[in-house]
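All remarks here apply to the structure that follows.
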Amino acid sequence: MLPARFDYIAASSVDEAIAAKAEGGDETRFLAGGQSLLPMMKLRFATPSKLVDINRIAGLDAIEHHNGHLHVGALVRHADIAASAAVSGAVASAAPWISDPLVRNLGTLCGSVAHCDPEGDWNSVLLATGADVIAQGPSGSRSIAIGDFVQDFFTSSLNDDEMVTAVRIPVPSGPSGGSYQKLERKVGDYATVGVAAHLELAADGTISAAGVAMTSVAPINRKATEAEALLVGNAPSAELFAEAGEAAAAAAEPRDDVRGSARWKRQVVAAFTGRALAAAAEQAQG
Ligand SMILES: Cc1cc2nc3c(=O)[nH]c(=O)nc-3n(C[C@H](O)[C@H](O)[C@H](O)COP(=O)(O)OP(=O)(O)OC[C@H]3O[C@@H](n4cnc5c(N)ncnc54)[C@H](O)[C@@H]3O)c2cc1C
């Protein structure tokens, strides 16, 4: 199908893009990589009256370390992250798993975050790593913890007149590691099950901070908070990770579908949580 009729402007600055969005309200959409928006428009699931193309705005395509954080700008493509030497842990692990090269070359991490698709991989990685979303509106910029940003199925706490200009991921000063484990039916598919894990270790080798979050097994990307609590303060071990896997599986709410039964998906969550944590611990122990 063809999209419904729409107006189009190519913004040359963040201020111009925000002003155009503020004027049009929720009938106006930002266009980043177009890898979620354009398919939805072609299917007429989305019928915006205007697109504000942000692709020509300078300065939004950087991945850089700043004040103990990794900043990923709004025009950083999935492929840029996969190729970047600046990323590590769960972020580096997840990037090659986003769809296929065509989607990775155009789609952006910030677009994926804003889209809030519970089958999208990035919001789980950001929940596990404790990231913030930087939102800019007509009256300035604010930082939103990813747990507050992800509100519901395809719903975020971004205001209609705000644009995501970057995502900020903390970079631990001590030993840390992370991993993203994804089960897909074939290369390029959305996750049947995905699990992101992030671990930080104290000087005595015990776990000082832990993040575990799941993709495609709940109405939203979901943090496995009980699994995280089990991990903190303990020494990494296969038994501990198996226990955390069971806690994550209990927190999942998978559904039976063509990709498998809910019962089987819970088992995958348990196994993948264990694997992701083992990989994270191995990295942290270096
Ligand atoms: C065939 C296919 C397979 C895919 N497989 C996967 C997969 O396995 N895993 C996965 O995670 N994703 C997958 N995706 C989705 C892909 O990752 C998209 O790139 C991503 O969801 C959206 O990023 P985008 O830059 O393309 O955003 P767009 O499509 O341009 O925009 C998506 C939405 O976010 C809004 N938006 C975009 N940028 C901003 C911003 N800076 N501020 C505020 N709002 C913004 C838009 O207005 C729109 O509503 C797949 C897509 C396709 C087409």
Residues two or more places apart in sequence or in another chain: which of them pass side-chain contact (heavy atoms from CB on, under 4.5 Å) with Pro96? none

Going by atom types alone, do Asp15 and Ser13 pair a side-chain donor with an acceptor below 3.5 Å? no

Find the distance between OG1 (Thr225) and CG (Leu230) and round it off to the nearest 0.5 Å. 10.0 Å

Cut-off 3.5 Å, side chains only: do Ser12 and Glu16 have a donor facing an acceptor? yes

Should the heavy atoms of other residues, nucleotides or ligands under 6.0 Å from CD of Gln267 be counted, would the total exceed 12? yes

Answer with yes or no whether the hydrophobic clustering places Val164 together with Val91; edges join I, L, V, M, F, W, Y residues whose side-chain heavy atoms lie under 4.5 Å apart. yes

Ignoring hydrogens and geometry beyond distance, is a side-chain donor-acceptor pair present between Asn221 and Ser124 at under 3.5 Å? yes

For Met1, which fellow cluster members are found when Ile, Leu, Val, Met, Phe, Trp and Tyr are connected by side-chain heavy-atom distances below 4.5 angstrom, either directly or through intermediates? none

Does either side chain, that of Asp53 or that of Asn55, offer a donor lying less than 3.5 Å from an acceptor on the other one? yes

Residue pairs passing the ring pair (Phe, Tyr, Trp, His ring centres under 6.0 Å) test with at least one member in residues 168-220, sequence neighbours excluded, are none

May I ask you to check whether over 12 heavy atoms, not counting those of Arg44, lie within 6.0 Å of atom CZ? yes

How long is the span from the OG1 atom in Thr28 to the NZ atom in Lys50, to the nearest 0.5 Å? 5.5 Å

